[in-house]
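See below for the structure under consideration.
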Amino acid sequence: MIEENGRVFYLVTKHTSYIFKVRHTGQLENLHYGNKLRNQDFKAIEMKLNAGAGSSVIYSKEKQAVSMDLLPLEYSFNGKGDYRHMPLELEMPDGTYVCDFIFDHHEVRKGIVAMNTLPAAHGDDNECETLIITLKDKLFPVELLLYYTVFYDSDVITRRVKLINHANEKIVLRKIMSLSLDILGYGYDMITLDGGWIKEANAHRRELSYGITVNDSTTGASSNRHNPGVILAKNGTMEDTGICYGFNLVYSSNHYTAVERSNHDLLRIMTGINPYNFNWILEHGEEFETPEAAMTFSSEGLNGLSHHMHDFVNHHIVRGEFRDKERPVLMNNWEATFFDFNERKLMNLAKEAKKLGVELFVLDDGWFGERNDDTKGLGDYHVNLKKLPGGLTGIAQKIKTLGMNFGLWIEPEMVNADSDLYRKHPEYAVKIKRREPSLGRNQLVLDLCRKDVQDYIIEQVNTLLKSAEISYVKWDMNRHISDMHSDEVKHQGMFYHSYIIGLYRVLKRITEENPEVLFESCSSGGNRFDLGMLSYMPQVWASDNTDPIERVKIQEGLSYFYPLSTLGAHVSQSPHQQTLRNTPLETRFNVAAFGLLGYELDLSELNLKEKQEIKAQIAWYKKNRRLMQYGRFYRFEKEKANRINFQVTDQEGKNSVLGNFQILQESSPSFDVLMFKGLREDVQYKVMTLQQSMDIKFFGHLVKHVLPFKLKFDGHIMSEARKYYRLPNNKEVYIAYGDMLSSGIRINQQYMGTGYQKNTRILKDFGSQLMEVKIIEDGV
Ligand code: DGJ
């Protein structure tokens with residue numbers, strides 16, 4: 001809801017208000033972003049600048065003009081006395097870097113205002129409203145439009161700007177942020193999601209000191225180094241208490257978020273396109289639109305913030321047929337075979353997968369051209385008939401006959417130099433004349449700034465999708481951009497942004513022309529986990545790291561901004577291929593179940609008992625799929641360093657699943673208390689441990705002490721025994737009201753090194769359990 005009264009703008013969502021006013025000198029002063037306030041006289045929250053300004057510069061001679069440096073502004077402009085970092089840096093028609101935009105008029109529209117070049121959040125006229133403020137430079141005919149779209153139910157407000165050059169001369173954009181927000185306050189921490197390949201989105205929290213703290217990417221993608229999502233949390237804000245702000249960007253290229261704490265403890269937050277290597281020429285009559293930034297405020301801690309962002313992604317970012325739809329359990333052949341497969345191998349894998357309950361079989365890299373390793377063939381999407389004699393149609397048909405859907409891997413933005421495509425069109429690749437291009441994973445990037453390259457990809461992928469019954473595509477992108485250059489752009493400072501505009505055009509066309517295909521975005525795992533990609537592809541392969549102990553951290557980090565319905569998570573082999581860590585099958589599943597479940601391992605290496613366990617996992621997941629993909633997700637405080645808990649609860653608070661993950665076993669551990677969240681206090685629930693089973697190899701030499709006969713722990717009989725017996729985990733069942741479950745229940749003691757009995761809870765290193773909570777209705 002948006003109201004205006006005497007040039008005060010009042011934007012309100014279900015639980016928050018955002019208020020600003022036009023000052024008499026034309027700038028926009030932010031009055032409040034936080035808890036919901038009623039619409040009233042806001043004098044009490046205006047800035048009171050009634051003392052000297054010291055060495056500051058006063059904006060103008062006008063009566064009561066003040067220093068811009070001391071105001072919380074909606075957007076600020078260079079060269080008029082505000083010395084904090086600027087959201088906008090323009091070379092104006094007169095060659096100066098000074099501009100002075102002031103309020104001209106405003107307009108309120110129902111719904112969203114779509115963009116021409118970039119994806120934006122969607123919503124119908126009942127769900128959102130947009131305020132457009134037009135500012136005009138005092139000297140030149142240049143306009144700056146500020147857009148605010150209010151998504152009432154999800155408590156998110158999006159912001160972006162558009163610059164229009166009506167001057168006869170060109171202007172040059174060196175920096176143009178989507179959002180700039182000044183709030184008052186000290187004592188804020190900044191939380192960012194950082195990492196790299198196989199260690200994406202690890203959450204880090206640090207106190208904001210004076211000066212500027214930056215979270216950005218320069219790789220040409222949103223990157224696995226720093227996700228665009230950033231949180232500002234008051235010191236002491238925890239998962240369920242305290243206040244915090246969340247910011248994210250609907251953008252998949254170089255992003256930039258900076259927070260400056262000024263000498264008067266004003267915090268300026270800005271987010272947008274990274275000014276790194278950015279230089280955009282705007283000729284007479286042209287306009288420039290920035291990506292959309294999404295922001296939220298929560299007074300219910302970090303979980304509250306995530307719930308807003310999750311609702312926003314599920315309802316206003318993800319679109320198309322798969323929005324709000326349950327996603328299939330898949331089997332991907334990559335970690336089972338890598339490039340070394342043929343139809344027989346694949347079909348054996350597929351038959352096993354089908355028996356276990358898998359619904360979608362995905363054929364990963366290596367099915368085309370000369371692609372037998374990662375040095376050649378990328379770009380040549382004609383099927384390798386030596387591997388697949390029946391072609392794609394043949395294999396897709398066979399999979400279909402087995403009763404599963406068929407999915408395919410492609411990497412359309414890239415090319416190997418050793419490929420027919422590159423031999424035919426070397427000019428399609430990003431590189432600089434007379435400089436040897438640097439490679440990433442032996443490949444070059446296709447120049448998506450070029451319209452002919454975009455059209456080539458659209459045509460190729462569309463033809464491919466028509467060539468067989470393909471119901472899922474894993475769209476990969478496996479390198480950072482280097483040697484950035486394109487003949488297509490007027491200035492090389494326009495390269496990165498033009499690339500992403502080109503990519504978005506390609507994605508829009510392909511996804512709109514193939515609405516029945518489920519697309520999963522991938523970039524060496526989570527190198528492009530962002531709202532831009534999610535605008536076209538409803539799910540993302542979160543990381544190549546499926547070791548559950550690393551994955552639990554990665555999924556926890558991503559959960560600050562992205563709902564489980566977007567997060568691809570697979571069960572893979574142990575010891576894990578990237579960490580060499582040995583983990584139990586139950587834990588690999590228990591972590592992957594908090595996401596979009598898949599399997600990515602050689603099923604032929606599993607014994608009968610392991611297959612039975614997987615069959616039970618898939619059956620359980622399918623039964624609880626809605627809850628696991630779309631339930632309310634909760635994180636917990638790390639009360640113990642060796643424990644992580646997750647919980648999902650359905651919208652009505654009737655069913656929940658809690659994951660209890662142990663990192664390392666303590667000797668003689670202390671007692672475990674499980675506190676459930678989001679339950680209804682006055683109704684009864686039944687809590688049960690999910691029945692799973694453990695591999696007896698984890699008990700090592702202990703086995704020989706509990707058996708009536710002598711058995712060598714690493715001997716032949718023992719390895720045979722593993723195939724026929726797995727030890728059931730201890731099962732606990734409680735009936736309790738929600739109030740008791742929320743305050744915490746004391747569960748069975750863990751193994752203490754001695755005195756094992758059947759009720760002893762055995763977690764060991766990397767162990768875990770799932771607890772199911774179900775409402776008892778009508779006494780049943
Ligand atoms: C990187 C992806 O993250 C993997 O899952 C796999 O698809 C490989 N690329 C294939 O080259």
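Remember, it's 1-based here, ligands and their atoms both numbered in the order they're listed.
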Under 4.0 Å from one or more heavy atoms of D365, ligand 1 contributes atoms 10 (C), 11 (O)
Looking only at N/O atoms, are W409 and ligand 1 under 3.5 Å apart anywhere?
yes
Numbered in order shown, the ligand 1 atoms found under 4.0 Å of a heavy atom of N478 are 1 (C), 9 (N)
Say whether, by atom type as modelled, one donor and one acceptor occur between the side chain of N527 and the main chain of M477 under 3.5 angstrom. no
Face-on cation placement of R635 at Y560 ring, 6.0 Å and 45° thresholds = yes
Checking heavy atoms under 4.0 Å, the part of N332 that sits near ligand 1 is neither
**Q.** Sidechain N-carboxylate O distance under 4.0 Å for E359, R625
**A.** yes
Looking at E335, M477, E520, K474, the heavy atom closest to atom 5 (O) of ligand 1 belongs to K474
Report task. Kindly indicate whether a cation-pi arrangement holds for R371 with W409, taking the cut-offs as under 6.0 Å to the six-membered ring centre and within 45° of the axis. Result -> no
Exactly one candidate in L346, N332, L330 meets side chain to side chain contact (heavy atoms under 4.5 Å, CB included) with F361; the answer is L346
Between Y621 and V329, the two heavy atoms sitting closest are CD2-CG2, 3.8 Å
Ligand 1 to G525, heavy atom cutoff 4.0 Å, flagged ligand atoms 3 (O)
So the atoms of ligand 1 within less than 4.0 Å of a heavy atom of W541 turn out to be 3 (O), 5 (O)
Quiz item: Would you call R225 and D194 a salt bridge, using N to O less than 4.0 angstrom?
Solution: no
Next on the checklist: Could you check whether any side-chain N or O of Q578 sits under 3.5 Å from a backbone N or O of I198, counting only pairs where one atom can act as donor and the other as acceptor?
Outcome noted: no
Practice prompt. Would you check whether D476 has a nitrogen or oxygen atom less than 3.5 angstrom from a nitrogen or oxygen atom of ligand 1?
Written response: yes
Looking only at protein heavy atoms, what sits closest to atom 3 (O) of ligand 1 is D544 OD1, 2.5 Å
Ligand 1 to C522, heavy atom cutoff 4.0 Å, flagged ligand atoms 2 (C), 3 (O)
message: With a 4.0 Å cut-off on heavy atoms, is R441 in contact with ligand 1?
response: yes
Nearest non-hydrogen protein atom to atom 6 (C) of ligand 1, with distance, is D364 OD1, 3.4 Å
